[in-house]
Amino acid sequence: QVQLVESGGGLVQAGGSLRLSCAASVRGFSAFAMAWFRQAPGKEREFVAAVSRSGGTTDYADSAKGRFTISRDNAKNTVYLQMNSLKPEDTAVYYCAADEVIYGSTRPGAYDYWGQGTQVTVSS
């Protein structure tokens with residue numbers, strides 16, 4: 001069983017930064033590809049970023065490129081999302097997701113494991 005717990009969300013002004021963390025309770029964390037998604041009120045859950053099992057490959061949604069950085073520390077069973085130059089449209093609940101088979105899918109249905117989410121609110 002895989003348990004994912006996100007943290008680091010909060011309220012920040014536009015232009016500010018936040019660092020989200022996702023701690024995984026699982027043996028063999030390095031066998032899982034990881035990703036971040038987000039869901040704003042009234043909208044579908046959307047892909048933000050993905051990182052490969054080794055951390056050597058990353059992919060980003062266009063909205064995240066140049067502002068967000070995904071990384072992982074396999075020794076700590078943790079994946080991070082550094083978010084800079086935040087905008088009000090980044091306001092959403094952010095979820096981390098894990099899967100042993102796929103990497104980099106932008107479809108939420110492709111991931112088997114999800115955290116409970118952490119709220120990010122960006123004020124203008």
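For clarity, every value in this text was computed on a predicted model and none was experimentally measured. Residue numbers run from 1 in the order of the sequence given. Heavy-atom basis, side chains included; hydrogens, waters and symmetry copies ignored.
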Exercise for review: Compare every heavy atom of S17 with every heavy atom of S85, then report the nearest pair and how far apart it is.
Suggested key: N-OG, 4.4 Å
Point to revise | From CD (Q116) to OG1 (T118), nearest 0.5 Å | key: 7.0 Å
**Study point:** K87/D90 salt bridge by N-O under 4.0 Å criterion
**Key:** no
Point to revise | For R53, all residues meeting side-chain hydrogen bond (donor to acceptor under 3.5 Å, both in side chains), sequence neighbours excluded | key: none
Point to revise | Which atom of S105 lies closest to which atom of F47, heavy atoms considered | key: O-CD1, 3.7 Å
Review point. Minimum heavy-atom separation for Y103 to A50, with atom names?
Key: OH-O, 3.8 Å
Practice item. Kindly compute the distance separating NZ (K65) from OG1 (T58), expressed to the nearest 0.5 Å. Key: 10.0 Å
Check your understanding: Does any pair with a residue in residues 64-95 pass disulfide bond (SG atoms under 2.5 Å apart), and if so which ones, sequence neighbours excluded?
Key -> none
Point to revise | Nearest heavy-atom neighbours spanning A92 and A40 | key: CB-N, 3.8 Å
Check your understanding: Rounded to the nearest 0.5 Å, how far does OG of S54 lie from CG of N74?
Key -> 8.0 Å
Point to revise | Side-chain hydrophobic cluster, 4.5 Å single linkage: members besides L20 | key: V2, L4, V12, L18, V26, F29, F32, M34, W36, V48, V51, Y60, F68, I70, V79, L81, M83, L86, Y94, Y113, V120, V122
Point to revise | Validation row: R38, S63 side chains within 4.5 angstrom (heavy atoms) | key: yes
Check your understanding: Can you name the residues that form a ring-ring contact (aromatic ring centres under 6.0 Å, His included) with Y80, not counting sequence neighbours?
Key -> none
**Study point:** Check against side chain to side chain contact (heavy atoms under 4.5 Å, CB included), Q119 and T91
**Key:** CA-CA 8 Å; Q119 176 70 48; T91 295; 4.0 Å; yes
**Study point:** Side-chain donor/acceptor of D99 to backbone N/O of A33, under 3.5 Å
**Key:** no
Point to revise | Within 6.0 angstrom of Q3 CD, more than 12 heavy atoms from elsewhere | key: no
Review point. Should V5 and V93 be counted in the same cluster of Ile, Leu, Val, Met, Phe, Trp and Tyr side chains packed under 4.5 Å apart?
Key: no
Exercise for review: Mind jotting down which residue pairs meet the disulfide bond (SG atoms under 2.5 Å apart) criterion with at least one end in residues 25-94? Sequence neighbours excluded, please.
Suggested key: none
Practice item. May I have all residue pairs that pass disulfide bond (SG atoms under 2.5 Å apart) and include part of residues 41-116, sequence neighbours excluded? Key: C22-C96
